[in-house]
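Throughout, a chain's letter reflects where its sequence line sits, starting with A, and its residues are numbered from 1.
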2 protein chains.
Amino acid sequence: MIILPVNKKRHNEPIPEPTLRRIPKYYRFLLSEQNKDTEYISATTIAEFTKFKPIQVRKDLQIAGAVGRPKIGYEMKSIIKTLESFLGYDNITESFLVGVGHLGTALLNHGQFDEHGVSIVVAFDNNPTLIDTTINGIHIKDVKKFKNLAERMNIKVGIISVPEEQVQATCDMMVDAGMKAILNLSSTPLVVPDDVVVQSLNIGVALALLIKKLQ
Amino acid sequence: MIILPVNKKRHNEPIPEPTLRRIPKYYRFLLSEQNKDTEYISATTIAEFTKFKPIQVRKDLQIAGAVGRPKIGYEMKSIIKTLESFLGYDNITESFLVGVGHLGTALLNHGQFDEHGVSIVVAFDNNPTLIDTTINGIHIKDVKKFKNLAERMNIKVGIISVPEEQVQATCDMMVDAGMKAILNLSSTPLVVPDDVVVQSLNIGVALALLIKKLQ
DNA sequence: TAGATTGTTAATCGATTAACAATC
DNA sequence: TAGATTGTTAATCGATTAACAATC
């Protein structure tokens, strides 16, 4: 019988959504502490700065597979590595972006998604002025070439930053080209087959939530 | 003794976060159905398209204060109005934006936040080329004038779309100018006093979550 | 050793789901 | 009337929190 190492949980049980949303916050905080050469950090400290409760931080860290030492805390370097690998930041997935307007351009210039385990390898647009130019080292190609390239490069992740009225059509095109995960930056709700995962990021909705919290 | 109308819940009990995140999705779907002149819609139908369960939709709608009719469903017009007012989309809050780069420009051009109850009334930057120009009818002013204007116009909501390294400084400036709600579009975690609400919208994190879901 | 912190088990809390009565 | 759907009450499930033992 094979004895599994360290954290079995991670491989079997589903990870609670709330945990999944909190862990990137711990991670960000740890990165910002990293240079202050504190060798160990306690759940209490993490909790204080991220405004969660110590016990919750401990639970979450456990789910992520982090191991600490009583009285000492968690080793800085090791906990960062653990969270990185838990979040998949150490394993880069390639993606395609469609729509090089202001938002698309902002994303291409940002170029720090590598930190989050994703890289935009090619961008697409239908504007002839943009086609065959480059932003931040990323080539912009005719959207007509999307499917062909996606299949050749075996890309499964698409980012949509086109105007609202083209969003669903772009999505359909992506699905047809074999995308299995789509990031939707518009406020149009996407209709996709069941085997395609969608993540929507809607600034308007975020603003509305912010204001609701304010009241 | 005064008898309260319709939905007491809404005024007393806190609204579950998950509910708050689902309701905008129902709302979007309803808008898209609106023109198909269906006069009534059932929770089952909403559930089908938004991929939630009928019972959950009913519960959420109840929390939002919607009232339906057995066998018939919810009246289209009235349910849209109810959700609109629940989400605060019918009551516009004014906000200031700082940072007119590609992302900021995208936000100013988007200009559909009104739908979500927020309007950007003035934008700020420190780039002399941009100052005193206009995007989509919104004036861009010197960021030095932020505090003064914020106080005069009694603005409490700020949107940060500056480069990562200026994010915390911008945030501090906003807090000093009296902002009580801040939308952070960077991946830098903000440090704010307890009475300031922050909503972070991080595209990198969203991408990472998407990919985690994919696996 | 005493104090602090992790890790674990149990208790609590809240959200989701199920069951069913009320109603059109 | 029969069937469908809401609204409500109860049961279940899962996440958060508390308590405490283990450990450095």
Next on the checklist: One pair to check against side-chain contact (heavy atoms from CB on, under 4.5 Å): B/Ser200 and B/Val198. What are the steps and the verdict?
Outcome noted: CA-CA 6 Å; B/Ser200 284; B/Val198 171; 4.0 Å; yes

How many whole angstroms separate atom [atom1] of [X] from atom [atom2] of [N]?
X	N	atom1	atom2	value
B/Glu39	C/dC24	CD	C1'	15 Å
B/Ile72	D/dA2	CD1	P	19 Å
B/Tyr40	D/dT6	OH	P	13 Å
B/Lys51	C/dT16	NZ	P	19 Å
B/Glu75	D/dT6	CD	P	14 Å
A/Ile63	C/dT8	CD1	P	13 Å
A/Lys53	C/dT5	NZ	P	19 Å
A/Glu48	C/dA4	CD	P	15 Å

Checklist entry - Does the side chain of A/Tyr74 get closer than 4.0 angstrom to OP1 or OP2 of C/dG7 through an N or O atom? => result yes

Next on the checklist: Below the 4.0 Å mark, does C/dT6 have OP1 or OP2 next to a side-chain nitrogen or oxygen of A/Lys71?
Outcome noted: no

Checklist outcome for this item: Parsed dot-bracket for DNA chain D after applying the Watson-Crick and G-U rules with both distances under 3.5 Å and | for other-strand partners is ..||||||||||||||||||||||

Next on the checklist: Once you measure the plane-to-plane angle for A/Phe146 and A/Phe96, does it fall in the parallel (<30°), tilted (30-60°) or perpendicular (>60°) bin?
Outcome noted: perpendicular

Checklist outcome for this item: dist B/Ile79:CD1 -> B/Leu61:CG (nearest 0.5 Å) comes out at 4.5 Å

Checklist entry - How long is the span from the CG atom in B/Leu107 to the CG atom in B/Asn136, to the nearest 0.5 Å? => result 11.5 Å

Next on the checklist: Cation-pi check for A/Phe49 against A/Lys25: NZ or CZ below 6.0 Å from the six-membered ring centre and within 45 degrees of the axis, yes or no?
Outcome noted: no

Next on the checklist: If we count only N and O atoms by modelled type, under 3.5 Å, do the side chains of A/Asp172 and A/Gln168 hold a donor and an acceptor together?
Outcome noted: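 Result is yes, a qualifying pair exists.
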
Item to check | A/Thr19 and A/Asp60 side chains, donor-acceptor separation under 3.5 Å | outcome: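 Result is yes, a qualifying pair exists.
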
Checklist entry - More 5' along DNA chain D: A/Pro70 or B/Pro70, using each one's nearest nucleotide? => result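 Result: B/Pro70.
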
Checklist entry - Which nucleotides of nucleotides 9-15 of chain D have their base under 4.0 Å from a protein heavy atom (B), which only their sugar-phosphate (S), and which neither (-), written as one string 5' to 3'? => result B-----S

Checklist entry - Got a salt bridge between B/Asp90 and B/Lys81, using NZ or NE/NH1/NH2 to carboxylate O under 4.0 Å? => result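 So B/Asp90 does not pair with B/Lys81 through a salt bridge.
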
Checklist outcome for this item: side chain to side chain contact (heavy atoms under 4.5 Å, CB included) test vs B/Ile182 passes for just one of B/Ile160, B/Thr170, B/Ile159, namely B/Ile160

Checklist outcome for this item: Among the nucleotides D/dC24, C/dC24, C/dG7, whichever has the atom closest to the side chain of A/Val67 is C/dG7

Next on the checklist: Taking any heavy-atom pair under 4.0 Å as a contact, classify B/Arg69: base, sugar-phosphate, or nothing.
Outcome noted: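 Sugar-phosphate contact only - B/Arg69 comes under 4.0 Å of backbone atoms but never of a base.
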
